[in-house]
Structures are given as structure tokens and as C-alpha cells.
2 protein chains.
Amino acid sequence: MVRYMIDVDPMATVRRFNRSYTQRIGALEDSFLGLGLPLGATRLLFEVGVQPATVQALRGRLGLDSGYVSRLLRRLEADGLVEVAADPADRRRRVVSLTPIGEKRWSELEARSDDKAKTLLEPLSERQQRRLAACLSEADLLVRAATVTFEEVDPASPAAREATGMYFTELRRRFDFDDAGLDRRDAEALRPPGGVFVLAVSDGEAVACGGVQTIGAGVGEIKRMWVRDTWRGAGLGGRLLHHLEERARNFRHALVRLDTNETLTEAIGLYERSGYRPIDRYNDNPHATHFFEKPLE
Amino acid sequence: MVRYMIDVDPMATVRRFNRSYTQRIGALEDSFLGLGLPLGATRLLFEVGVQPATVQALRGRLGLDSGYVSRLLRRLEADGLVEVAADPADRRRRVVSLTPIGEKRWSELEARSDDKAKTLLEPLSERQQRRLAACLSEADLLVRAATVTFEEVDPASPAAREATGMYFTELRRRFDFDDAGLDRRDAEALRPPGGVFVLAVSDGEAVACGGVQTIGAGVGEIKRMWVRDTWRGAGLGGRLLHHLEERARNFRHALVRLDTNETLTEAIGLYERSGYRPIDRYNDNPHATHFFEKPLE
DNA sequence: TCATGTACCTGACCATAGTCAGACGATCTT
DNA sequence: AAGATCGTCTGACTATGGTCAGGTACATGA
């Protein structure tokens, strides 16, 4: 009837997991019920508790109608669980935050989530608990990686600056890197019409980045490829590289080049696996030790 | 901020997985919406499609009120999606099944589930898809094992007969086993007050069984320990054995014995791991080659 | 300063989800 | 054969979830 071990069709496996898991725990709602508040109000309370936010932000995060959220907030307010105050920066906006009583309710929600996880783990031996945790952790990484979205942003935007900042920090840890003055020059080249800068975003957070610029007729260059350390091993780098090559193709480049430092072994491995061949130095980048290129068919 | 790989707390891992997974796919409901039917009716339609059933069974599977299910059925009937007919065996009961139109709608639901799984898998490389499938498959087995419930049933009940039937089939495959007349005799001993027969149930299906009987003053005997082949390797046997020892303790037994056949190597391994020591033959069971006992503190 | 737009709110409205108390025929028990 | 029980259905009812059309205060740009 059910054959867990010998199954090899990934799609069937995912479907079976979805069905069995959501039936058992996935009823996320369960833990959101029984607090004396209806589900919608509880979801809102939880969201406010994660981080105080404007009404607008809450609406966005939960995907709810403006009037509906407003009504829910009145209810939470009447119950003394949240406070709503005008945003000093823009008095049309209103900021919602938890009252002390609200905090208490919120931690009850947390405790319920803990309980649910505990019920699931308790019957298992310690070894099995660790196996389950390992499986879910790896699955989580893969699922997150699969649902990452690539967004084209201006290389001077705050989000892009933050990502490149982390990239530079990483470089500094690996070798004697100095980024003085880099930002200004590069930002120009990584902007349309000759270039592009891409962020990989998950849960509103940049987890990888990279750009393409034009360095000659028909020749593009991949720049600032970076993957957050906690996201490595999920194939994100390969997907990003592929995405950037696609963009280079759109620029009518017949060839992409890139340089890198010998200490960045994962990156070098990725380039080699992805069809890049070592070439001679093609620029005067003092930090680069290895140079690659790949023809785009 | 998030550290996937170095996390070792199983509870935190489970919680994080729940949150991220349900956010991305777990919204099981998504695929149940947009069919022109409300959620409740769609859930019922799906359940009927999995297997035609009595109203009672549907109520149980979905955990819904009798009146509510009846109303939903009237709606599905009016839409020409299901047929309701009296059960010939008991004309109070009514059996629900899909009409051809209903079948068509049901396969739309299936297609939606497939789509959802596909969206998740598509961005991943084939190797990663296999890794994800392997992780989810193992997690699924562990989660199912953790949520199994132990139910005490009469050894002559249909559910118990079915489980022991599968047990005997297994024995026949392993060695020259003959169950002639066993049922009748054993059933008596595995019933209160002197014994008990336990089924491990998952999704309404028996996945393991076992019993305890009294064979002397203060001495119990474990009988008919069986775990469905697809459920092995999840520690279910150990939990069941532990559960049965608990029951034996309730009978005030100071000692439990059991016999087994040399071909049942997994079982022998389990007994040895669980503190059972080999002893001399204590009965005339022609099929038994190995004998064990364990003192209950 | 005035038109225009934005952020949030209120009232009116509706379908869905779910509960509960009988009603009614079929079946089981004695 | 009568009474109890079971399985399903109907009617009456409630709360929840969600939409929509204005309305009001604030912000912005010409």
C-alpha cells in the first residue's frame, strides 16, 4: 500500500510528505487556536510580536484586506493586547506594537509551537530525534534554496550595498583584501545599459548576489559572486551563475570572463564544474590570481 | 541570523522547518481553492475521491460534525459531483462515491498538487531533487512512526485478524510455518484478564502488532510481535516492545519471556538490544528455535 | 494654497465554517 | 414485538473570514 523506502520519484515523495506532514503538524493553525481569539486575530498578534510594524507592512505580510486588518486591530486593541500609535515620520501611517499583556499572549503562542515540536520528537529515541532534525534541516535548506527569487537591483541601493558589504567582509577574511574606492567605480559598470546587479532573496533577506558588466565588444565579466555561508551546498551558486550567464547572453555577449582569488576554492570549483576554462590574466586586478572564461553558445 | 548547518537542537530545527515549510508549500489549502467550491466541500470531495466511503468514515477522517458533512454532501450532490447510496449491508449507512464529473474535478485537484510539488523541485538540480526526496522520505517515516498510536483491541476483531494474518504470511516467507488452529487457542489467552493484544495504528491502518499473555505466576509472554516491512528502521518495534512490557508490568509480572525463530534476525537483534537474555527452551512450540527472557524491575 | 494622492478607518454586506437539537427510518436487543 | 440504539438528515443558529465603497486626516507637489 505505502512503500517508503523503495520510492524514487521525487515528485511523489514530496506529495506524500506534504500530505502526511500537514495532516500531522502542518495544521499550523492548531497552535493558533484556543487562545480565546479567532484565527485571524491570532495570526496578526503573532506577526506584530515578531516585529512591531506599520499597518501597511502587516497587511502585506499576511496578505489581508485593509479594512479587515483594521477591524482585527480594533479587536486586539480592545483586548489590550496591542498598541497603535501614529508614526512620527508620517502621521498617516500607524505603528502597531505589543502591550505587556500582548507579550504574554505571544509567548504562549511560542510555547504552543514548542509543545507541538515536542510531541513530535518525544516518542523518538535520541538518535532518531537527531536523524529527524538532520533530515528536516537539510530539506529546509533545499526548500529555501528552491524558493529563492532573483531580483535585479541598483548596485548602489541599500540592499545591494549590504550584500556587497558582506561579500567584502568574506574576502577580507580569506586574504589581504582592500576595497577602498571599489564601490563607486563598480556600481556604475554594474548598472544598465551595460551591466546588471542581481540579488537572490529569501524571506526578504539577500542570501547571494552577483553582477555582470561589459568589458569589451561581445565580452562580459561576472563580478561579485557571493553566497551567504549558511546557504552553501544547496546549489544556489550554480543557479545564480547560470542566471548571470543568461543576462550576459541578453547583452549579446559571446563570452564571459571572471577573475578570482586562489583562496576562494569553492568558487573556483564551481567555475570549473560550470564549464569555465582557465586563461591568462586579462586585467590588472591586484587581488586576482586566477582567471577564467566561458563561451556562451 | 539563520544557521542551518550548525544547528543541533532538534526542537528548534523542527520549529524552523514547520514555519518555513508551511509558509512555502504547507498552505495545503491553496491547491484546494479556486475550484469553484468552498474549502470544506473540496476537502470532502478529495476524501471521497481517495476512496469511496460511508458518511461515517468521512466524518471521522475529516473530523467534522455529522450535520455539517451531511450539508456538504447535499451541495456536492447538487453539483453532480458525488452519488450517495444506501449501504446494502446496513441500510442506515450511506455510501458516497464520485460521479464521472466528480472524477474529473478530483483529478484537477491531483494536478494542482503535482504542480505544487513541481514548482518546488524544478529549480533544483537532479542530484538535489534526489537529496530532497531522500530527506523528506526519511523524515516522513520518522514522523509517521512518532505519531503512531497504540490501541488495545480484541485479538479476534477483524483489524487484529488482518494484522496477525500479515504476521503469519511473513513467517511463512521466512521459514516452514504452519498456523493451523493457532488463532482460536491464542485469541483466548491474549484477551483480558490475563492478556492483551495491541495494534499500532497509523492513518487508520495497522502497521505493527503484538500481545502479552500469562504463562505462569508472575511470568508473562510476548506474542506475535510484528512490524510491517515498510515501517522498519524507525524504532517502532522498540517502542511497541516497551509498551508491551509496560502492560506486562501492569499484570504484576516480574518476568517476560518470548520465543522466536532463528530466521527472524531483526527481531532477535531487537530483543538483544532491549535487554533480553537467551534462555533454554521453555515450551514445545515447534516453530521456535530461540528463547529469551527479561526481568521487569 | 489647492488639487491629488496616501494610509487608515468605518459601515454594510455576504459566504463559509461549524454547532446543536431534534426527526426519522433502519437495526439490534430482549 | 417493543424499546433502545444507530446513522443520517434537516432546521435554526452563531461566529468567522473576507470584500467593497466611501470617509477622514495627513502629506506632497505645483
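All chains are named by letter (A, B, ...) in the order of the sequence lines, taking the proteins before the strands, and each is independently numbered beginning at 1.
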- request: Report the distance from atom CG of B/Leu37 to atom C1' of C/dA17, rounded to the nearest whole Å.
  value: 15 Å
statement: Readout for nucleotides 22-30 of chain C: B = base within 4.0 Å of protein heavy atom, S = sugar-phosphate only, - = neither; 5' to 3' it is ---BBS---
statement: Whole-Å distance, A/Glu77 CD to C/dT10 C1', equals 14 Å
- request: Could you note down all residue pairs passing ring pair (Phe, Tyr, Trp, His ring centres under 6.0 Å) where residues 79-109 of chain B supplies at least one of them, sequence neighbours left out?
  value: B/Phe46-B/Trp106
statement: d(A/Leu98 CG, A/Arg105 CZ) to nearest 0.5 Å is 11.5 Å
task: Figure out the CZ/P separation between A/Arg93 and C/dG5, and round it to whole Å.
output: 19 Å
Residue-phosphate contact under 4.0 Å: B/Arg74 side-chain N/O, D/dC9 OP1/OP2: yes
- request: Using the test side chain to side chain donor-acceptor pair (under 3.5 Å), find all partners of A/Gln56 that sit at least two apart in sequence or belong to another chain.
  value: none
- request: Whole angstrom is fine here: how far is it from CG in A/Leu35 over to C1' in D/dT16?
  value: 16 Å
Sugar-phosphate or base contact per nucleotide [nucleotides 17-23 of chain D; S, B, -; heavy atom under 4.0 Å]: SBBB---
- prompt: So do the side chains of B/Gln213 and B/Arg191 get within less than 4.5 Å of each other, counting heavy atoms only?
  reply: no
- prompt: Roughly, in whole Å, what's the span from CG in A/Leu58 to C1' in C/dC9?
  reply: 15 Å
message: Counting only heavy atoms not in B/Glu162 (residues, nucleotides, ligands), do more than 12 fall under 6.0 Å from its CD?
response: no
task: Return the value, rounded to whole Å, for the distance between atom CZ of A/Arg75 and atom P of C/dT10.
output: 16 Å
query: Given D/dG7, is OP1 or OP2 found less than 4.0 Å from the side-chain N or O atoms of B/Arg59?
result: no
- prompt: When rounded to the nearest 0.5 angstrom, what distance separates CG in B/Leu64 from CG in B/Leu72?
  reply: 7.0 Å
field: Qualifying salt bridge (charged side-chain N to carboxylate O under 4.0 Å, His left out) pairs with a residue from residues 58-74 of chain B, counting only residues at least two apart or across chains
entry: B/Glu47-B/Arg61, B/Arg74-B/Glu77
message: If the condition is side chain to side chain contact (heavy atoms under 4.5 Å, CB included), which residues does A/Asp115 pass it with, not counting sequence neighbours?
response: A/Lys118
message: Assess whether a salt bridge exists between B/Asp87 and B/Arg91, defined as any Lys/Arg side-chain N lying under 4.0 Å from an Asp/Glu carboxylate O.
response: no
